[in-house]
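Residue numbers start from 1 in every chain, and the chains themselves are labelled A, B, ... in the order their sequence lines are given, proteins ahead of strands.
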Amino acid sequence: ACGGGNGEEANSGLSGTIQIDGSSTVYPITEAVAEEYRTEAPDVRVTVGVSGSGGGFKKFTRGEIDIVDASRTIKPSEEETAKEHNISYIELPVAYDGLTVVVHPENNWVTEMTTEDLKKIWEPAAQGKIKKWNQIRPEWPDQEIHLYGPGVESGTYDYFTEAVVGESGSSRGDYTASEDDNVLVQGVSTDPNALGFFGFAYYEENQDKLKVVPVDDMDDSNGKGAIAPSLETVKDGSYAPLSRPLFIYVNSKAASTPAVVDFVNFYLESAPELSQEVGYIPLPAEMYKEQQEKFSSFAKAKEAATQK
Amino acid sequence: MTNSDINRLKDKAFQVFGIFCTFIGLVVLAIFLIDIVAEGITRINWDFLTSLPSRRASRAGILTAWAGTLWILVLTTLIAFPLGVGAGIYLEEYGRKNRLANFLEINIANLAGVPSIIYGLLGLEIFGRQMRLGGSLLAGALTLSLLILPIIIVTTREAVKAVPRSIRDGSYALGASKWQTIWHQVLPASFGGILTGIILALSRAVGEAAPLIVIGALAYVPFTPSSPLDEFTVLPIQIFNWTSRPQEEFLTNAAAAIIVLLVITFLLNGIAVYLRNKQQKKIRW
Amino acid sequence: MRTSEKIIEGLLWLSAVITILVTVGIIWVLLSESISFFRVVPLSDFLTEKEWTPLFADKKFGIMPLVTGTLLTTGVAIAVALPIGLTIAVYLNEYAHARMKQIVKPMLEVLATIPTVVYGFFALTVVTPFLQKIIPSLAGFNALSAGIVMGIMIIPMISSLSEDAISSVPRSLREAAYGMGSTRLQTAFGVMVPAASSGIVVSVILAISRAVGETMIVAIAAGQQPRLTLNPLVPIETITTYIVQVSMGDVPRGSLEYKTIFAAGITLFVFTFALNNLSFWIKKKYQEKYD
Amino acid sequence: MSKKENKLEAKNLDAYYGDFHALKNINIAMEEKAVTAFIGPSGCGKSTFLRTFNRMNDYIDGFRIEGQILLDGRDIYNKDIRVDELRKEVGMVFQKPNPFPKSIFENVVYGLKIQGIKKKSVLEEAAEKSLRHAALWDEVKDKLNKSALALSGGQQQRLCIARALAISPSVLLMDEPASALDPISTAKIEELIYTLKNEYTIVIVTHNMQQAGRVSDYTAFFYMGELVEHNKTRTMFTSPKDERTQNYITGRFG
Amino acid sequence: MSKKENKLEAKNLDAYYGDFHALKNINIAMEEKAVTAFIGPSGCGKSTFLRTFNRMNDYIDGFRIEGQILLDGRDIYNKDIRVDELRKEVGMVFQKPNPFPKSIFENVVYGLKIQGIKKKSVLEEAAEKSLRHAALWDEVKDKLNKSALALSGGQQQRLCIARALAISPSVLLMDEPASALDPISTAKIEELIYTLKNEYTIVIVTHNMQQAGRVSDYTAFFYMGELVEHNKTRTMFTSPKDERTQNYITGRFG
Ligand SMILES: Nc1ncnc2c1ncn2[C@@H]1O[C@H](COP(=O)(O)OP(=O)(O)OP(=O)(O)O)[C@@H](O)[C@H]1O
Ligand SMILES: Nc1ncnc2c1ncn2[C@@H]1O[C@H](COP(=O)(O)OP(=O)(O)OP(=O)(O)O)[C@@H](O)[C@H]1O
Ligand SMILES: [Mg+2]
Ligand SMILES: [Mg+2]
Ligand SMILES: O=P([O-])([O-])[O-]
């Protein structure tokens, strides 16, 4: 359901609805963009939901929403569904994220972790078995470990399992799983035995309540030892393997309405500033340029197609 | 110590414990209200009431939330009032004492005990999916209407029952039909009681979040709804959303929104109690 | 005019019968979705497996962790509300002045009118931090503080209904007890409470039913991790929280994920339905004992 | 006055509340424009009988009758008799004054309004006429818009009579109309009944023998659901035929 | 029997329910091991007075007394008198039988159990003794564990008497103990009272003049909160001194 605007008028005269849903990681950027866009075009109603990248793609590929936030690229199975529903789209990267592993600030035993440690904790085989810190490293205390992580609908989950466990979507199931990263922050920040992971922005925002865990990928070619996520380490690629790009996908039908075109353009214009403001790492300036051009030709093509 | 001394001691001890328990409830209530007011009151100002949601706590407001709550209140009243009052009147005035009436009674008592989230599932499937209303105001209002229907029915019955037979007899004897009697005599005389029940039921509906979450009410709706088919959010959901954010400032916002919600709830309850007392004083059959 | 009477009666009848439709609707919705769930997942697995991970790659469909989570928070709530509520009921009846009772009872009932999200906020931001000072190992999400707060919420249910039950015990029994030299305590627990036991049991059952179905407090404060444990200090997940959790994401109709919330829902419904009918039955059976 | 007709008649009437046989084979005929008093001990069925004449028992679950009740020779339990029309013809006044919780004026015109009469002037005229008829006009004419509940008990009862008169019935049923009132109000009501019988056929239930003697032309004595005796009041009180009547009117029981 | 002492005494007793003056300057002395009957019209204060003797009015909001009540010469409203001890001394039987919803046995031994007596043999012995005393033993001995509510009204009342006797009081207060019972049960209770007075000082409230005549040695007549007359029952009934007493016992009012 997308309202048709009367496109001939100036920006401020735009109206209509834009429905966005999907990644909780991308949510802060989109939320910020939507909010700033209100001053630009007050009559355009932008709703932003959070149901994880997977959930978002489900709605997107059925044509229920105009734009999906995604913290991973679309999966082949999802492409398939989109085709079935006759939906074409464009993929636009909007920022970089460093997927961040955190513990409670009072946790004084964890100073770094290797990807091996993480795998040991999160792989499916750990379910119901790895329950204490000292099962990971013997020098760690004999205390319960409480895990917090994004739910299966989230791109972060897919990305993390891919990068750490080796297979996307494969992990233990006995942890506090929420599509809402705020819940995870709250869980970790109030539980001395906690370990969790989520998008960098949520760590940035709550630095005083969380302790970041530097991750060692045991590959010295991209930086030696354990590395903590930050603007620099993500940008220069040394925070591996947990750095990743974030995207939005725009439905082609939606891209033929002036409000959506205007909104996406605004998105790409303000993303450098706003993504940094909410805690992510902007793409290089020329990349945004590139995306804008890519989008405008996409939109033009669509407009031409609909006018026939 | 003799037995009777021990008994007296136990008696006194229990008295102290009783006072303690009675006041612990009240003290917790007080702590609770004070805590929330202390945390939230400074945040309440005109901007807070009239601003759209925002990623910055200090700019975020509850305009959409209370507008949604108001919409829900109105729509729910429009749906639940005729249904609940109609059912109450039917059961009290028309329903013969037969199997069906008995069954209806048990059924309503049961409905009153069904958890609100189950109503959410009902609303999700029937209103949201099958009637394709999605997470709209109308779907929410329909769901909440069913939820509060039992309360309205029960209070309507009680109010109608309290109208003395002699009034009905007087009306029938003048040639009034059953419905005329109900319309001209029973309903006006029981209106206060019925109203009390509806307001109590609405105060329940105002505080509900779970069924609305299940049918898919959104947290971030940056506009006030303009038709029953619009998406919406309500105060309890806004509070839930802010409560689950870790940042202090959002908790302050949550506290402030709670103050507003409590004011609405207490106001509704206050009106109900006032009406009930007035009604009790007025009637001297 | 006669026809309009008939039409009106018909409409009124319809609105009464809608309540049956609501029940039928609830049962039908829960059943139809969960039947197709149970086609995929055998009922025996559902009831006996010890893990609930329907969303993950390694899917396990044991409802037990959610049920124990629910029972855990309910247990804590009742452990708080029953002694306090019953004590209040006895105290107001046997010790307090009539005036005090008149003032205190409605004040306590205010507790029941506060929206449950508000209790959730209270549990998370006040009670949990407070308890963490006493029990340092307490997790931020836990059954204990959600249960305690839920207990506070249902105190007036138990205290008011029990108080009604006790005060409907005939005066003469109280006088008999006093006449034999009983103290107030002995009168209360030796005579009044046993005589009012059916009403008190009903109030407790209704309170349990309420606690089992309570959603927002546990969704906010008890955690979202299905865990088969009786330890109230760690995050758990209740049936209601699971439904909320899945609802917060997208629930594509027809997916197994969508069906799990109905399977969880019907479990919840069976519990509360049984409790409500039990209370109904007790009330019918033991009412009018003194008339 | 012309020769009097039988206004009301019961033929072989039996009435039941579920299994309970409340009236047993009652046969009685009541003259037009006369006052008939029903007397008898509590629970003997007077009210039940009285209420069959305007079918007020219709709404009681399980109540049913056998036999006939005739009004002007027509069976009022016949299928094509409409209850609302019947009740316009047969007015009723109850034991406890039962004014509606509305204004005095609204009370009096209620019966007309539900018939669909809306014209103010008509209603006002009717209200004045009925209130005068019920000997209440002078007392209330200045406060017609005040609540009827503010009147005294006796005034309320006369208001109820006025209310019944407003729809111009030909029969008035009165179930112990003065038993809830003080002696002065009672006297007023009795006086009123006395004047009303020039225009209406009146049936009155009373527990008060003196009252029956004062206001009625005929008296019917009921006992345990049976009509024991029915006669001119004077005759009945001076020389009752049945021993039970005798015992009752001399205060031996009841 | 030895010379009788004054067991109970009221001196200048006034009692109030809030502002309502229920008992006015009562002075009376009651002999040991005798039956005193309180008579008087409804609402005159008999029950109120009776209940001051075991301070049953203590829990009524707003009730207070002035003056003294003496039991064996000690003021029972004195600070150091303990109510529970007092009530063990002064047993009470109420108008409507009020057994606890427990077994017969549990009813009888209730008073002992709350005193902390737990030994089974002691309780059983006491139960048998009291039930025999109350002339109920033979009727219930085979069903001591059955619910007391299954007994007939008369048996229930005797059970209540047995229950009172079990804690060995010296005074028995009875507030219309037979008024809710059928004539046969009433006769049994009266008989019982007659035998009990050899051991107990009994005060009984009754509405039934014949009963007062049959069971009591002394009678006190109350009227509107005042003690009008107190005398040997025979004397009072044959030659009352006060006109109001005369009127009451001849059935002129009340
Ligand atoms: N609604 C009812 N259902 C069942 N029985 C009824 C009902 N109304 C009256 N009765 C019974 O029918 C009998 C006659 O009742 P009715 O009211 O006619 O007596 P009555 O002569 O008017 O007595 P009273 O002088 O006390 O008004 C009584 O035994 C009464 O118990
Ligand atoms: N709890 C109370 N509060 C206020 N007034 C009371 C209370 N109990 C009794 N009274 C009043 O005190 C007066 C005496 O009552 P009491 O019960 O002693 O009378 P009684 O002689 O026993 O009458 P009856 O024969 O009807 O039992 C009555 O006017 C009564 O209304
Ligand atoms: Mg009658
Ligand atoms: Mg008395
Ligand atoms: O960004 P996600 O919510 O899909 O993890």
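Between C:Q225 and A:D174 the shortest heavy-atom distance is NE2-O, 2.8 Å. A pairwise comparison of heavy atoms in A:S178 and C:Q224 identifies CB-OE1, 3.5 Å as the closest pair.
Contact annotation for A:Q143: neither backbone nor side-chain heavy atoms come within less than 4.5 Å of a heavy atom of chain C. In this structure, chain A has a heavy atom under 4.5 Å from the side chain of C:E51, while its backbone stays farther away.
Put simply, OG1 on C:T229 and CD on A:E144 are 7.5 Å apart, with the number rounded to the nearest 0.5 Å.
Along residues 185-196 of chain A, the residues that come nearer than 4.5 angstrom to chain C, judged on non-hydrogen atoms, are A:Q186, A:G187, A:T190, A:D191, A:P192 in order of number. Within residues 128-144 of chain C, the residues that have a heavy atom under 4.5 Å from a heavy atom of chain A are C:Q132, C:P136, C:L138, C:A139, C:G140, C:F141, listed by number.
Counting heavy-atom pairs under 4.5 Å between each of A:S170, A:G169, A:A177, A:S171 and chain C puts A:A177 at the top.
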